[in-house]
Amino acid sequence: MTSDKLNKNTPWQDLTPGGEIYTAGNSMEFKTGDWRSVKPVFLPENCKQCGLCFPVCPDNAIPVNKDLQREDFNYDYCKGCGVCAKTCPFNAIIMKEEGIK
């Protein structure tokens, strides 16, 4: 069953068991950003627009605009894994504890 068909009256027998991926490419159907304990912070002044960060994001949480320029994180989907920060050679992404600006 897809997430758009779920509601409070859905019987438990019709729910997808937790931890199972039942279709490919469905991460945008589930806002999972509230799972984070740390979050990436984008420092645009350090960014060289090299394009190394957004393909490694497992949650497609780094948007790229029509001019192929990366934008700030989509925190609705970012789980705070830190792969983007490890990949960035220019220190344009730092990890901070959630709730700290």
Side-chain angles (χ1 to χ4, degrees):
M1 176 174 289
T2 60
S3 63
D4 62 331
K5 294 187 172 57
L6 297 176
N7 63 52
K8 67 180 181 174
N9 298 318
T10 303
W12 69 268
Q13 296 90 339
D14 294 340
L15 298 176
T16 302
E20 291 188 18
I21 299 171
Y22 58 93
T23 60
N26 69 348
S27 66
M28 296 310 277
E29 293 180 35
F30 303 97
K31 291 185 177 182
T32 55
D34 59 351
W35 296 4
R36 278 189 315 275
S37 59
V38 293
K39 73 175 186 177
V41 176
F42 179 47
L43 304 173
E45 63 276 6
N46 293 353
C47 182
K48 306 295 184 213
Q49 297 294 336
C50 67
L52 293 174
C53 58
F54 63 86
V56 300
C57 179
D59 298 304
N60 199 25
I62 302 175
V64 177
N65 66 28
K66 63 181 173 135
D67 297 321
L68 300 178
Q69 302 292 300
R70 75 145 293 168
E71 297 178 348
D72 203 357
F73 291 94
N74 184 336
Y75 291 115
D76 284 341
Y77 301 100
C78 173
K79 292 184 192 76
C81 70
V83 174
C84 57
K86 290 281 187 186
T87 302
C88 181
F90 304 107
N91 297 317
I93 304 167
I94 59 171
M95 300 301 291
K96 289 195 173 187
E97 282 187 49
E98 187 65 43
I100 297 176
K101 298 205 184 235

Nonpolar side-chain network containing V38, other nodes, edges under 4.5 Å: M95

task: Among Ile, Leu, Val, Met, Phe, Trp and Tyr joined by side-chain contacts under 4.5 Å, find the other residues sharing a cluster with V56 and list them by chain and number.
output: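 Hydrophobic cluster check, V56: joined to V83.
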
- request: May I ask whether F90 and F54 are part of the same hydrophobic cluster, defined by side-chain heavy atoms of I, L, V, M, F, W, Y residues being less than 4.5 angstrom apart, directly or through others?
  value: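 Result: no, two separate clusters.
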
Y77 side chain reached by P58 side chain, heavy atoms, under 4.5 Å: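 In short, these two side chains do not touch, never coming nearer than 4.5 Å.
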
field: Reported CZ-to-CG distance for the pair R70 and N65, which is rounded to 0.5 angstrom
entry: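 CG of N65 is found 11.0 Å from CZ of R70.
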
statement: dist N74:CG -> D59:CG (nearest 0.5 Å) comes out at 10.0 Å

The criterion is side-chain contact (heavy atoms from CB on, under 4.5 Å); which residues satisfy it with [X], sequence neighbours excluded?
X	answer
N9	N7
L43	V41, E45, N46, I94
D34	none

Residue pair C50 / P89: nearest heavy atoms and the distance that separates them: SG-CD, 4.5 Å

Closest non-hydrogen atom pair, I62 against C57: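 It is CD1-CB, 4.1 Å.
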
task: Flag this pair as yes if the NZ/CZ of K39 is under 6.0 angstrom from the six-membered ring centre of F73 and inside a 45 degree cone about the axis; otherwise no.
output: no

Residues that F42 engages under ring pair (Phe, Tyr, Trp, His ring centres under 6.0 Å), provided they are two or more places apart: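 In terms of ring pair (Phe, Tyr, Trp, His ring centres under 6.0 Å), with neighbours along the sequence ignored, F42 is linked to no residue.
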
query: Can you tell me if Y75 uses its side chain to pair, donor with acceptor, with the backbone of P40 under 3.5 Å?
result: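 Yes; at least one donor-acceptor contact below 3.5 Å.
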
